[in-house]
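All remarks here apply to the structure that follows.
Here, residue 1 is the first one in the sequence, and each next residue gets the next number.
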Amino acid sequence: MAGAAQHAHWSSRWAFIMAAVGSAVGLGNIWKFPYEAGEGGGGAFVMVYLLFVFFIGTPMLVAELSLGRRGQLSPIGSMKKIAQDEKKSHWWSLIGWSGVVGAFIVISFYSVVGGWTLAYMAKAAMGTFSGIDAETAQNTFVGYISDPVKTLVSHFAFMAITIFIVAKGVQGGLEKAVTVLMPALFAILIILVIYSGFTGDFAKTIDFLFNPDFDKLLFKPNTAEAIAAGEPATRFSLDTVLQALGQSFFSLSLALGSIMTYGSYLTKDVKIGKSAVTIAAADSAVALMAGLAIFPIVFAYGLDVAGGGGLVFMSLPIAFGQMPFGIVFGTLFFGLLAVAAVTSSISLLEPPVSYVEEKTGWNRRKVAVTMGVAAGLLGVLSAYSQGTNLLSDIKINMLGLELDIMGVKDFLTNNIMMPLGGMFTALFVGWFVTRKNMMDELALSDKTFRIWYFLVRFVSPTAIGIIFGKIIFDNFIA
Ligand code: PHE
């Protein structure tokens with residue numbers, strides 16, 4: 001059994017903030033957000049996303065950090081312990097389970113894309129992108145993700161880095177790494193935004209990202225059969241709103257146990273409310289900057305904004321291939337993207353590791369290797385589901401979407417486990433934990449506490465309930 005004595009802590013508030021921002025800022029911001037915004041129709045998606053981040057996500061960050069700090073155990077252990085303290089059902093530990101299992105699923109495909117960033121860093125360094133045009137950029141990407149050997153190697157290389165850091169523990173090299181590398185990522189992004197702004201189609205980007213078109217967000221084309229049967233060409237749907245909700249959770253590292261686990265390494269003197277706002281602000285800033293860096297190029301070269309997971313990998317190389325010192329910037333960018341991905345993936349491996357460590361009492365190294373390799377093997381399915389790779393023919397229908405294996409894992413976690421996990425967490429802290437205990441743990445000012453409490457008691461559960469309920473209704477009842 002792991003006792004409180006061996007439970008690690010951050011060395012300072014700054015180290016914690018950098019680690020939490022490191023967890024939040026990752027592929028979700030730079031790889032996923034731009035293409036989801038693109039597929040979701042731009043401005044309206046961005047606006048709804050930001051509303052979710054500030055009114056649901058940030059209060060959730062506060063909730064999860066405080067649960068972790070109070071429990072001082074893995075997400076499962078903490079939830080069990082707090083439910084017990086509060087004399088509530090032990091079933092609340094399911095929130096912890098859903099987080100730990102969800103994190104295990106997510107890291108299995110996160111590491112695949114992490115591997116892509118490593119491969120692209122190498123390509124950039126070797127000058128592969130020099131003078132590249134849009135078509136070659138696309139072929140390069142599809143060729144790479146369709147290669148069973150290359151994708152396997154990069155996936156396991158990325159996983160090995162993650163395992164190595166997690167095995168070393170909380171303060172080990174991680175704290176030092178994040179405090180240097182996160183600011184560097186910011187700097188490179190700013191340079192890219194400026195470059196794209198001057199050379200790409202910036203005006204169209206601003207319009208696309210900030211001029212909301214709610215029809216695009218809320219109405220989906222009807223199926224050919226439905227139209228033939230006399231229905232209108234489009235139908236009202238909350239699918240994309242759910243996608244934005246899931247993305248806001250994903251981007252803030254919520255509902256997968258990561259933030260709760262990082263909260264468990266917090267000392268009592270850190271102010272959770274202020275920290276949560278800092279994390280959310282930094283995370284949103286990076287997502288928007290990624291959009292501002294990528295879309296000018298996408299528009300300038302006539303790429304498809306709804307092009308899916310290849311967007312970053314097919315658009316930015318064109319810019320790197322043309323700009324002065326493109327080899328340097330390209331290598332730096334994909335290198336830093338890899339770093340951003342690593343500082344997130346460690347926080348995904350951490351919840352399963354902390355649980356197994358607690359349960360078995362094995363040493364950290366053994367647990368990190370076991371869990372990392374297991375997730376890595378599960379990830380092979382995702383890696384091989386891309387492009388024309390070995391398992392790319394397998395398509396599974398989920399609520400009307402034809403998804404490959406990676407898409408299924410993403411859908412299950414992003415659109416189902418995370419929103420539901422978030423809803424139950426909000427219900428737990430809002431209705432089942434004693435108000436006084438919550439107040440003591442958070443130490444917010446009276447007014448801030450009341451706003452927070454209102455958001456988690458009413459706003460989050462209702463919003464998630466409505467979005468989710470509508471989807472269930474559309475797909476299973478109507
Ligand atoms: N927030 C990370 C990103 O945006 C991904 C992540 C999700 C990490 C959940 C931990 C937990 O890339």
Quick check against the 3.5 Å criterion: does S385 have a side-chain atom that pairs as donor or acceptor with the backbone of L391? no

Is any side-chain heavy atom of F295 closer than 4.5 Å to one of L311? yes

Could you check whether E86 pairs with R435 (Lys NZ or Arg NE/NH1/NH2 to Asp/Glu carboxylate O, under 4.0 Å)? no

So F219 and F236, would you call those rings parallel, tilted or perpendicular, with 30° and 60° as cut-offs? perpendicular

Between T223 and A226, is there a donor-acceptor pair closer than 3.5 Å when you use the side chain of the first and the backbone of the second? yes

With under 30° as parallel and over 60° as perpendicular, where do the rings of Y110 and F158 fit, or are they tilted in between? tilted

Please round to the nearest 0.5 Å and tell me the distance separating atom CG of L256 and atom CZ of F249. 10.5 Å

Rounded to the nearest 0.5 angstrom, the CD1-CG distance for I294 and L316 is 5.0 Å

Can you name the nearest heavy-atom pair linking G430 to R457, along with the distance? O-NH1, 2.7 Å

Donor + acceptor pair across side chains of T162, S345 (<3.5 Å): yes

So which atom in V380 and which in F156 form the shortest heavy-atom distance, rounded to 0.1 Å? CG2-CE1, 3.7 Å

At what distance, to the nearest 0.5 angstrom, does OG of S237 lie from CG of L217? 9.0 Å

Under 3.5 Å donor-acceptor, R364 side chain and V166 backbone: yes

Would you say the side chain of F424 lies within less than 4.5 Å of the side chain of L94, judging by non-hydrogen atoms? no

Scan L401, I396, N397, I394 and name whichever one has a side-chain contact (heavy atoms from CB on, under 4.5 Å) with V408. I396

What heavy-atom pair brings V356 and M371 nearest, and what distance separates the two atoms? CG2-SD, 3.8 Å

Can you tell me if S93 uses its side chain to pair, donor with acceptor, with the backbone of M79 under 3.5 Å? no

Can a donor-acceptor pair be found, under 3.5 Å and without considering hydrogens, that links the side chain of R365 to the backbone of A167? no

Which residue pairs pass the ring pair (Phe, Tyr, Trp, His ring centres under 6.0 Å) test when at least one of the two sits in residues 433-452, sequence neighbours left out? F449-W452, F449-Y453

Mind checking whether P75 and S354 have side chains closer than 4.5 Å, heavy atoms only? yes

Using 4.0 Å as the upper bound for N to carboxylate O, is an ion pair formed by D85 and K81? no

Could you check whether atom CE of M398 has more than 12 heavy atoms from other residues, nucleotides or ligands sitting under 6.0 Å from it? yes

What pairs with S347 under side chain to side chain donor-acceptor pair (under 3.5 Å), at least two apart in sequence or on another chain? S23

Would K168 and E350 count as a salt bridge (charged side-chain N to carboxylate O under 4.0 Å, His left out) here? Give the steps. CA-CA 11 Å; K168 285 194 131 180; E350 194 63 37; over 6 Å; no

Validation row: L412, I105 side chains within 4.5 angstrom (heavy atoms): no

For the residue pair R70 and N437, establish whether any side-chain heavy-atom pair is separated by less than 4.5 Å. yes

Do side-chain atoms of D404 reach the backbone of Q386 as a donor and acceptor pair under 3.5 angstrom? no

Checking S78 side chain against L73 main chain: does a donor-acceptor pair fall under 3.5 Å? yes

Test: side-chain hydrogen bond (donor to acceptor under 3.5 Å, both in side chains). Region: residues 411-428. Which pairs qualify, not counting sequence neighbours? K32-N414, Q243-N415

Looking only at atom types and distance, does a side-chain atom of T117 sit under 3.5 Å from a main-chain N or O of G335, one as donor and one as acceptor? no

Rounded at 0.5 Å granularity, tell me how far CZ in F210 sits from OG1 in T205. 9.5 Å

Describe, in one word, how the ring planes of W10 and Y265 are oriented to each other, choosing from parallel (under 30°), tilted (30 to 60°) and perpendicular (over 60°). perpendicular

Does L27 form a side-chain contact (heavy atoms from CB on, under 4.5 Å) with L337? I'd like the steps, not just the answer. CA-CA 7 Å; L27 297 171; L337 185 53; 4.1 Å; yes

Can you list every pair that meets ring pair (Phe, Tyr, Trp, His ring centres under 6.0 Å) and has a residue in residues 65-104, with sequence neighbours left out? W92-F428, W92-F432, W97-Y355

Which heavy atom of S248 sits nearest to which heavy atom of Y49, and what is that distance? CA-CE1, 3.4 Å

Could you go step by step and tell me if L242 and F468 meet the side-chain contact (heavy atoms from CB on, under 4.5 Å) rule? CA-CA 7 Å; L242 176 66; F468 216 77; 4.1 Å; yes

Taking the side chain as C-beta and beyond, is there a heavy-atom pair between E358 and I76 under 4.5 Å? no

Please step through side-chain contact (heavy atoms from CB on, under 4.5 Å) for the pair L218 and V241, ending with a clear verdict. CA-CA 8 Å; L218 297 173; V241 176; 3.8 Å; yes

Would you find a donor on one side and an acceptor on the other, under 3.5 Å apart, between the side chain of W31 and the backbone of G309? yes

Of the non-hydrogen atoms in G422 and I464, which two are nearest, and what is the gap between them? C-CD1, 4.2 Å

Verdict with reasoning, M159 to I107, per side-chain contact (heavy atoms from CB on, under 4.5 Å): CA-CA 9 Å; M159 192 59 99; I107 191 167; 4.2 Å; yes

Atom pair CZ (F458) and CG (L455), whose distance is rounded to the nearest 0.5 Å: 11.0 Å

Minimum heavy-atom distance M439-D446, with the two atoms named: CE-OD1, 3.7 Å

Please report, to 0.1 Å, the donor-acceptor pairs under 3.5 Å made by any side chain of residues 281-293, with sequence neighbours excluded.
{"from": "D283", "atom 1": "OD1", "to": "N29", "atom 2": "ND2", "distance (Å)": "2.7"}
{"from": "D283", "atom 1": "OD1", "to": "S251", "atom 2": "OG", "distance (Å)": "3.4"}
{"from": "D283", "atom 1": "OD2", "to": "S251", "atom 2": "OG", "distance (Å)": "2.7"}
{"from": "S284", "atom 1": "OG", "to": "A280", "atom 2": "O", "distance (Å)": "2.8"}

Any luck finding a side-chain donor-acceptor pair between K216 and T240 under 3.5 Å? no

Any donor-acceptor pair under 3.5 Å from S74 side chain to P351 backbone: no

Beyond-backbone contact of F313 with F334, side-chain heavy atoms, under 4.5 angstrom: yes

Can I get a per-line list of side-chain donor-acceptor pairs under 3.5 Å for residues 53-69, giving both atom names and the distance, sequence neighbours left out?
{"from": "T58", "atom 1": "OG1", "to": "V53", "atom 2": "O", "distance (Å)": "2.8"}
{"from": "E64", "atom 1": "OE2", "to": "A255", "atom 2": "N", "distance (Å)": "2.8"}
{"from": "S66", "atom 1": "OG", "to": "V62", "atom 2": "O", "distance (Å)": "3.3"}
{"from": "S66", "atom 1": "OG", "to": "A63", "atom 2": "O", "distance (Å)": "2.9"}
{"from": "R69", "atom 1": "NE", "to": "E441", "atom 2": "OE2", "distance (Å)": "2.8"}
{"from": "R69", "atom 1": "NH1", "to": "T267", "atom 2": "O", "distance (Å)": "3.1"}
{"from": "R69", "atom 1": "NH1", "to": "K268", "atom 2": "O", "distance (Å)": "3.3"}
{"from": "R69", "atom 1": "NH1", "to": "V270", "atom 2": "O", "distance (Å)": "2.9"}
{"from": "R69", "atom 1": "NH2", "to": "E441", "atom 2": "O", "distance (Å)": "2.8"}

Any chance you could measure L252, atom CG, to S258, atom OG, to the nearest 0.5 Å? 11.5 Å

Is the number of heavy atoms from other residues, nucleotides or ligands under 6.0 Å of K395 NZ greater than 12? yes

Heavy atoms, side chains only, cut-off 4.5 Å: are F208 and V298 in contact? no

